[in-house]
Participant: 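Okay, here's the structure, questions in a sec.
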Amino acid sequence: MTHNPIRPWRNVERRKSRQIMVGKVPVGGDAPISVQTMTNTDTSDVRATLDQIIRAADVGADIVRVSTPDEASTQALREICRESPVPIVADIHFHYKRAIEAAEAGAACLRINPGNIGDAKRVAEVVRAAKDHGCSIRIGVNAGSLEKHLLEKYGEPCPAAMVESGLDHIKLLQDNDFHEFKISVKASDVFLSAAAYQELADATDAPIHLGITEAGGLISGTVKSAIGLGNLLWMGIGDTIRVSLSADPVEEVKVGFEILKSLGLRTRGVQIISCPSCARQGFDVIKTVEKLEKRLEHIKQPMSLSIIGCVVNGPGEALMTDIGFTGGGAGSGMVYLAGKQDHKMSNDQMVDHIVGLVEERAAKLDAEAAAADAAE
């Protein structure tokens with residue numbers, strides 16, 4: 001659980017799940033909630049796929065999924081897994097041999113739907129390959145591809161059908177004495193997803209992978225994901241997440257981190273608190289924040305930064321942030337450090353100055369962390 005004795009209303013009591021490993025990344029238990037994305041390149045294009053993986057990892061992706069629809073993809077996967085800075089999940093549908101090839105190529109996890117892999121014998125072969133090569137498995141249930149007998153039983157995709165599908169798939173793995181799995185029950189409908197995940201959370205102790213599938217474009221998909229995933233995370237459900245957007249995978253990672261940061265479940269990089277601006281603003285807040293977001297993307301140490309256009313809320317917000325700038329008059333504003341007024345700065349020099357202050361604080365935090373590691 002997050003622990004805030006001063007403001008207990010901010011605590012999130014996380015569901016207790018067992019822990020598995022996806023490569024070097026722990027998922028479930030008391031591990032941090034990991035952020036995933038998926039490449040959209042042709043996997044057989046090793047360079048393009050690796051470039052996308054590296055860009056995603058640079059902004060915080062813990063795990064990256066790669067589609068492996070054919071033999072050319074699984075052949076390319078060997079080099080991709082070897083050079084990737086983060087564990088790779090191989091996305092498998094229908095053909096069980098692709099799963100075996102992906103395990104042999106070094107995938108850290110196989111994303112499969114055991115129900116469409118084939119008969120029990122083929123599932124057993126995939127499980128054997130996963131065991132032999134140290135892979136975990138994600139059971140991926142999707143409202144859009146439920147088994148025919150469940151649709152006939154329930155009439156339409158519904159939470160009960162999705163959870164029954166997931167539990168049936170769990171049994172397939174457990175019958176093969178395989179327990180290193182996580183599970184998802186995704187839908188594009190926020191209500192359906194949320195209800196299915198809540199029911200699933202009560203039915204198993206397996207780590208849960210959260211997602212609102214096919215959420216849409218950058219803005220609409222971000223809103224849907226924030227509502228669906230945010231509510232589930234607030235309830236304590238979820239051990240790893242993927243925000244599914246029709247956008248650059250880097251944007252998926254950024255949105256995922258922002259959702260976790262807003263709930264105090266992960267801290268990475270600069271959290272900017274800024275006003276929407278109005279006629280009282282002492283400088284152009286919107287353009288300033290755009291510039292700062294771009295120039296501070298490289299910062300990994302967590303810290304808070306308030307950028308407020310005037311003195312109505314600026315001083316109060318600055319009290320609660322590591323660094324702050326509040327617009328004043330006559331072309332300058334007040335810089336706050338650790339919640340206290342420190343010095344004035346002209347608006348035309350403010351962006352460069354704030355970037356310098358953030359980088360200086362990040363370097364100090366890096367040095368302190370390195371010293372602590374050396375002392376252990």
Side-chain angles (χ1 to χ4, degrees), residues 14-36 62-66 68 81 86-142 146-147 150 161-186 196-211 232 236-242:
R14 285 183 62 189
R15 161 184 170 269
K16 291 178 173 59
S17 62
R18 56 190 176 77
Q19 189 173 101
I20 68 168
M21 297 298 295
V22 177
K24 62 184 178 182
V25 176
V27 174
D30 58 358
I33 297 169
S34 53
V35 176
Q36 302 189 30
D62 301 294
I63 300 166
V64 175
R65 181 157 47 114
V66 173
T68 53
C81 292
V86 295
I88 296 297
V89 177
D91 192 70
I92 313 292
H93 287 282
F94 304 115
H95 209 305
Y96 79 104
K97 286 188 177 179
R98 300 292 86 81
I100 295 170
E101 291 162 2
E104 293 171 346
C109 180
L110 307 175
R111 187 277 189 199
I112 63 171
N113 182 331
N116 70 24
I117 283 292
D119 58 22
K121 181 181 177 182
R122 288 182 173 178
V123 171
E125 288 187 54
V126 172
V127 168
R128 189 180 308 115
K131 286 181 177 180
D132 289 346
H133 297 280
C135 291
S136 56
I137 287 177
R138 171 160 73 94
I139 297 169
V141 176
N142 195 302
L146 282 173
E147 296 91 325
L150 290 174
M162 294 173 69
V163 172
E164 183 172 332
S165 176
L167 296 178
D168 286 347
H169 296 158
I170 285 176
K171 187 175 185 305
L172 279 174
L173 298 186
Q174 290 177 332
D175 285 349
N176 285 279
D177 194 29
F178 190 86
H179 308 281
E180 293 298 301
F181 60 82
K182 52 184 174 169
I183 184 169
S184 62
V185 283
K186 293 185 179 183
Y197 273 118
Q198 289 174 62
E199 190 172 324
L200 179 70
D202 290 334
T204 178
D205 68 346
I208 286 179
H209 172 100
L210 287 187
L232 289 165
I237 298 170
D239 301 290
T240 182
I241 68 169
R242 188 251 173 131

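All heavy atoms count here, side chains included; hydrogens, waters and symmetry mates do not.
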Participant: Pairs of donor and acceptor atoms involving the side chains of residues 101-110, under 3.5 Å and at least two apart or interchain, shall be tabulated with distances.
Facilitator:
from: E101; atom 1: OE1; to: T74; atom 2: OG1; distance (Å): 2.7
from: E101; atom 1: OE1; to: R98; atom 2: NE; distance (Å): 2.8
from: E101; atom 1: OE1; to: R98; atom 2: NH2; distance (Å): 3.3
from: E101; atom 1: OE2; to: R98; atom 2: NH2; distance (Å): 2.8

Participant: Just verifying a value: how many Å separate E180 CD and L173 CG, rounded to the nearest 0.5 Å?
Facilitator: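 That separation rounds to 11.0 Å.
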
Participant: Rounded to the nearest 0.5 Å, what's the gap from CD1 on I100 to NE2 on H95? Could you check?
Facilitator: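 That separation rounds to 9.5 Å.
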
Participant: Should D239 and R15 count as side-chain neighbours, where that means a heavy-atom distance under 4.5 Å?
Facilitator: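 Contact flag for D239/R15 side chains = yes.
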
Participant: Nearest 0.5 angstrom please: T68 OG1 to R111 CZ, how far?
Facilitator: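 The distance works out to 11.0 Å.
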
Participant: Going by side chain to side chain contact (heavy atoms under 4.5 Å, CB included), name the residues that satisfy it together with D30, two or more places apart in sequence or in a different chain.
Facilitator: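 Residues passing side chain to side chain contact (heavy atoms under 4.5 Å, CB included) with D30: Q19.
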
Participant: With the side chain counted from C-beta on, respond yes when R122 and V126 share a heavy-atom pair under 4.5 Å apart, and no when they do not.
Facilitator: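 R122 does not reach V126 side chain to side chain.
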
Participant: Where the side chain of H133 meets the backbone of C135, is there a donor-acceptor pair that is under 3.5 Å apart?
Facilitator: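 Such a contact is absent between H133 side chain and C135 backbone.
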
Participant: Among I139, I20, I137, find the one that has a side-chain contact (heavy atoms from CB on, under 4.5 Å) with K182.
Facilitator: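 Among the candidates, only I20 passes.
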
Participant: What do the steps show when you test H169 against E147 for side-chain contact (heavy atoms from CB on, under 4.5 Å), and what is the final call?
Facilitator: CA-CA 11 Å; H169 296 158; E147 296 91 325; 2.8 Å; yes

Participant: Determine yes or no for a side-chain-to-main-chain donor-acceptor pair under 3.5 angstrom, with Y96 supplying the side chain and A124 the backbone.
Facilitator: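 No, Y96 side chain to A124 backbone: no donor-acceptor pair under 3.5 Å.
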
Participant: Check whether any side-chain heavy atom of T240 lies under 4.5 Å from a side-chain heavy atom of V25, and answer yes or no.
Facilitator: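 Heavy-atom side-chain distance check fails, nothing below 4.5 Å.
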
Participant: Please say which of V35, I33, V27, V22 ends up in a side-chain contact (heavy atoms from CB on, under 4.5 Å) with D62.
Facilitator: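 It is V35; the other options fail the test.
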
Participant: Would you sort out whether I63 and V86 count as a side-chain contact (heavy atoms from CB on, under 4.5 Å), showing the intermediate values?
Facilitator: CA-CA 6 Å; I63 300 166; V86 295; 5.9 Å; no

Participant: Write down the atom of F178, the atom of A130, and the distance for their closest heavy-atom approach.
Facilitator: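 Heavy atoms only, the tightest pair is CE1-CB, 3.9 Å.
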
Participant: Identify the heavy atoms of V163 and A196 that sit nearest to each other, and give their distance.
Facilitator: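 Closest approach of V163 to A196: CG2-O, 3.5 Å.
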
Participant: Mark yes when over 12 heavy atoms from residues, nucleotides or ligands other than K131 sit less than 6.0 Å from its NZ; otherwise mark no.
Facilitator: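 Above 12, so yes.
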
Participant: When rounded to the nearest 0.5 angstrom, what is the spacing between CD1 in I183 and OG in S165?
Facilitator: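 Taking CD1 in I183 and OG in S165, the distance rounds to 7.5 Å.
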
Participant: Quick one, L232 and Q198 - any side-chain contact, counting heavy atoms below 4.5 Å?
Facilitator: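 Yes, side chains in contact.
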
Participant: Minimum heavy-atom separation for A31 and P26, please, with both atom names.
Facilitator: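 Smallest heavy-atom distance, with atoms named: CB-O, 3.5 Å.
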
Participant: Would you mind writing out the side-chain donor-acceptor pairs for residues 201-210 within the sub-3.5 Å range, not counting sequence neighbours?
Facilitator:
from: T204; atom 1: OG1; to: A206; atom 2: N; distance (Å): 3.0
from: D205; atom 1: OD1; to: R18; atom 2: NE; distance (Å): 3.3
from: H209; atom 1: ND1; to: Q36; atom 2: NE2; distance (Å): 3.4
from: H209; atom 1: NE2; to: K186; atom 2: NZ; distance (Å): 3.4

Participant: Any donor and acceptor pair, going by atom type alone, linking the side chain of S136 with main-chain N or O of F181 inside 3.5 Å?
Facilitator: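 Not confirmed, S136 side chain does not pair with F181 backbone.
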
Participant: Could you state the interatomic distance from CD1 (I112) to NE2 (H93), rounded to the nearest 0.5 Å?
Facilitator: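 It is 10.5 Å, given to the nearest 0.5 Å.
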
